[in-house]
Trainee: 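Below is one structure. I have some questions about it.
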Amino acid sequence: MPPLRRRGGSANRRDGALDLLLPGLPGAVATTAKAQGEGQGQVTEPAGLPEGFAVGHWSDPEGLTGCSVVIPPPGTRGGIWVQGGGPGTRESDTLSPLSRSKEATAVLLTGGSAFGLAAADGVARWLEQHELGYWTPFGLVPLVPSAVIYDLGTGDPAARPGPEEGYAACEHAQGGVPERGAVGVGTGATVAKVLGRERGSPGGFGYAAIRTGAGETVAAVAAVNAAGDVLAEDGSLLVGPVGDDGEMVRGAEHLVALEHAPQYKAAPEGNTTLACVCTDAALSKTECTVVARAATAGIARAVDPTFTPVDGDIAFCLASGEGEIREYGSMQVGVAAATVVAAAIRDAVRQA
């Protein structure tokens, strides 16, 4: 099989995005539509991150790895839900509703497998220099919950994000619509590996956003490095493994039909879809966990099979809103979170 190839150039990635925000939904937000060309309809670019949120990337296009950081406003609450069988994390317990800490200073999504968690040291150093962190009597302590994808089999396995790379991602962080595609943590991501890594396709970093009827923005970033296929809005294949005839097949159907354990040339070990929901809704720390759990439904809508023993799927939720917590607010935001997570996953492979 030929090596994995990126689909199209940067211009094609921008023009090929399809309705990332599902603009037909009530309350969906988007900027001015851009025409693809005569007879091809229109596409929309998503709205930016909620106010005060920033996303930055560091990318290694030669080693095929990278990291991405989400920096929310000070005092933002956070939650996490781990759904996959092979996660790799750091400081994730600080997001537990039972932990004393009340905030997440940043969230790091990184390549390099467990080695890449070292990038969180650089993120923490940058945050300390900018006087951001959890208050203690003897100084601010940045809390940087982190999660990894396994991209060692894509490029140079010795190329991994470290402290300097995590610091660089923070230096590049900005608001608005994040850069998407083969960037940051998505640089070496791959998907559709049920038939083996050699039959897969590039994954990437995606983004989507929506506004609720209450006026709250719910956005999501996703690092898509799944073993499973990526499905379109109608359930059809966006990306699936390449069969013997050169055509895409459905990985889940192949797994169900197996009579014996598959004999892989390159086993699909070490996969993950990571999502981080960013909202300006007023949510408690416990409600952030509820929303993070709901957000994993978006992974299941867009990735099949998902939550497997060889996937480390994780969803984070960051909520910056102040004021009274609305009744049923977490339910509404959770439903929106699942929608934008699914859209962000599809965006990642469309931009790749």
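One is the number of the first residue; the rest follow in order along the sequence. Predicted, not measured: the structure shown is a model, and the values here were computed from it.
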Trainee: Would you call Glu216 and Arg326 a salt bridge, using N to O less than 4.0 angstrom?
Mentor: yes
Trainee: Test side-chain contact (heavy atoms from CB on, under 4.5 Å) on Asp93 and Ser99 and set out the steps.
Mentor: CA-CA 7 Å; Asp93 284 351; Ser99 72; 6.0 Å; no
Trainee: Could you go step by step and tell me if Asp311 and Thr272 meet the side-chain contact (heavy atoms from CB on, under 4.5 Å) rule?
Mentor: CA-CA 5 Å; Asp311 284 277; Thr272 290; 5.6 Å; no
Trainee: Does the pair Ser96 and Lys285 meet the rule for a side chain to side chain donor-acceptor pair (under 3.5 Å), with working shown?
Mentor: CA-CA 8 Å; Ser96 166; Lys285 189 176 182 182; over 6 Å; no
Trainee: Return the minimal non-hydrogen interatomic distance between Ala106 and Val123, and the atom names on each side.
Mentor: CB-CG1, 4.1 Å
Trainee: Within the 3.5 Å criterion, strictly below it, is a donor on Asp151 or Thr65 matched to an acceptor on the partner's side chain?
Mentor: yes
Trainee: Is it true that Arg250 and Asp229 have a side-chain N and a carboxylate O under 4.0 angstrom from each other?
Mentor: no
Trainee: Taking only residues two or more places apart in sequence or in another chain, which ones pass side chain to side chain contact (heavy atoms under 4.5 Å, CB included) with Thr289?
Mentor: Trp81, Pro97
Trainee: List the atom of Gly204, the atom of Ala189, and the distance in Å for their closest heavy-atom pair.
Mentor: N-CB, 3.7 Å
Trainee: Return the minimal non-hydrogen interatomic distance between Ala336 and Thr212, and the atom names on each side.
Mentor: CB-CG2, 4.4 Å
Trainee: State, yes or no, whether a side-chain contact exists between Thr89 and Ile314 at a heavy-atom distance under 4.5 Å.
Mentor: yes
Trainee: Nearest 0.5 Å please: distance from the CG atom of Leu49 over to the CD1 atom of Ile71.
Mentor: 11.5 Å
Trainee: Cluster question for you: counting only ILVMFWY and a side-chain heavy-atom cut-off of under 4.5 Å, with indirect links fine, are Val69 and Val148 together?
Mentor: no
Trainee: Indicate yes or no for a side-chain donor-acceptor contact from Asp245 to the backbone of Glu247 under 3.5 Å, with no hydrogens or angles considered.
Mentor: yes
Trainee: Does Arg293 come within less than 4.0 Å of Glu287, counting only side-chain N to carboxylate O?
Mentor: no
Trainee: Hey, quick one: are Leu274 and Val183 part of the same hydrophobic cluster, counting side-chain heavy atoms closer than 4.5 Å, chains of contacts allowed?
Mentor: yes
Trainee: Of Val221, Leu95, Val277, which meets side chain to side chain contact (heavy atoms under 4.5 Å, CB included) against Phe316?
Mentor: Leu95
Trainee: Nearest heavy-atom pair of Ala297 and Ala338: which atoms, and what distance?
Mentor: CB-CB, 4.1 Å
Trainee: Could you go through the side-chain contact (heavy atoms from CB on, under 4.5 Å) check for Asp60 and Glu62 one step at a time?
Mentor: CA-CA 5 Å; Asp60 180 356; Glu62 296 183 0; 3.7 Å; yes
Trainee: Looking at Glu179, Glu165, Arg180, which one forms a side chain to side chain contact (heavy atoms under 4.5 Å, CB included) with His57?
Mentor: Glu179
Trainee: Val291 versus Val333: any side-chain heavy-atom pair under 4.5 Å?
Mentor: yes
Trainee: Report yes if the side chains of Leu238 and Arg346 come closer than 4.5 Å at any heavy-atom pair, otherwise no.
Mentor: yes
Trainee: Rounded to the nearest 0.5 Å, how far does CG of Leu64 lie from OG1 of Thr154?
Mentor: 6.5 Å
Trainee: Answer whether the closest heavy-atom distance between the side chains of Gln174 and Phe53 falls below 4.5 Å.
Mentor: no
Trainee: Hey, is the main chain of Pro61 close enough, under 3.5 Å, to the side chain of Ser59 for a donor-acceptor pair?
Mentor: no
Trainee: Below 4.0 angstrom, N of the basic side chain to O of the carboxylate: do Arg350 and Glu233 qualify?
Mentor: yes
Trainee: Whether the side chain of Thr308 engages the backbone of Thr306 through a donor-acceptor N/O pair (distance < 3.5 Å, no angle test) should be reported.
Mentor: no
Trainee: Would you give the length of the straight line joining atom CZ of Arg301 to atom OG1 of Thr339, rounded to the nearest 0.5 angstrom?
Mentor: 5.0 Å
Trainee: Where do Thr296 and Ala315 come nearest, in terms of heavy atoms and distance?
Mentor: CG2-CB, 3.8 Å
Trainee: Rounded to the nearest 0.5 Å, what separation is found between the CH2 atom of Trp126 and the CD atom of Glu171?
Mentor: 7.0 Å
Trainee: Quick check for you: to the nearest 0.5 Å, what is the distance between Thr217 atom OG1 and Asp280 atom CG?
Mentor: 4.5 Å
Trainee: Can you find a pair of side-chain heavy atoms, one from His254 and one from Leu195, that are under 4.5 Å apart?
Mentor: yes
Trainee: Any side-chain hydrogen bond (donor to acceptor under 3.5 Å, both in side chains) pairs touching residues 102-123, not counting sequence neighbours?
Mentor: Arg90-Asp121
Trainee: Check whether Phe115 forms a cation-pi arrangement with Arg160 (NZ or CZ under 6.0 Å from the six-membered ring centre, at most 45° off the ring normal).
Mentor: yes
Trainee: So if you build clusters from Ile, Leu, Val, Met, Phe, Trp, Tyr with side-chain heavy-atom gaps below 4.5 Å, do Phe205 and Val177 land together?
Mentor: yes
Trainee: Side chains of Ser92 and Val82, heavy atoms from C-beta outward: is any pair under 4.5 Å?
Mentor: no
Trainee: Give a yes or no answer on whether the side chain of Gln83 reaches the backbone of Phe307 with a donor-acceptor pair at less than 3.5 Å.
Mentor: no
Trainee: How far apart are the closest heavy atoms of Gly63 and Ala159, and which atoms are they?
Mentor: CA-CB, 3.9 Å
Trainee: Quick one: do Ile210 and Ile345 end up in the same hydrophobic cluster if we chain Ile, Leu, Val, Met, Phe, Trp and Tyr together by side-chain heavy atoms under 4.5 Å apart?
Mentor: yes
Trainee: For Thr94, does its backbone N or O pair with a side-chain atom of Arg100 as donor and acceptor, under 3.5 Å?
Mentor: no
Trainee: Please confirm whether the backbone N or O of Gly48 pairs with a side-chain atom of Tyr207, one donor and one acceptor, at under 3.5 Å?
Mentor: yes
Trainee: Do the side chain of Arg77 and the main chain of Leu318 share a donor and acceptor less than 3.5 angstrom apart?
Mentor: no
Trainee: Would you confirm whether Tyr150, through its side chain, and Gly86, through its main-chain N or O, come within 3.5 Å as a donor-acceptor pair?
Mentor: no
Trainee: Look up atom CE in Met248 and atom OG in Ser201, then write down how far apart they are to the nearest 0.5 Å.
Mentor: 7.5 Å
Trainee: Indicate if Tyr167 and Val144 have the same hydrophobic cluster label, given that clusters are the connected sets of ILVMFWY residues with side-chain heavy-atom separations under 4.5 angstrom.
Mentor: yes
Trainee: Does the pair Asn225 and Val191 meet the rule for a side-chain contact (heavy atoms from CB on, under 4.5 Å), with working shown?
Mentor: CA-CA 5 Å; Asn225 188 55; Val191 297; 5.9 Å; no
Trainee: Are Ser146 and Leu117 side-chain neighbours, meaning at least one heavy-atom pair lies under 4.5 Å?
Mentor: yes
Trainee: Kindly indicate whether the side chain of Ile149, heavy atoms from C-beta on, has any atom under 4.5 Å from the side chain of Val185.
Mentor: yes
Trainee: Could you check whether atom CG of Asp244 has more than 12 heavy atoms from other residues, nucleotides or ligands sitting under 6.0 Å from it?
Mentor: no
Trainee: Cut-off 3.5 Å, no hydrogens considered: what does the side-chain donor-acceptor table look like for residues 135-143, sequence neighbours left out?
Mentor:
residue	atom	partner	partner atom	Å
Thr136	OG1	Phe138	N	3.4
Thr136	OG1	Gly139	N	3.3
Thr136	OG1	Gly139	O	2.5

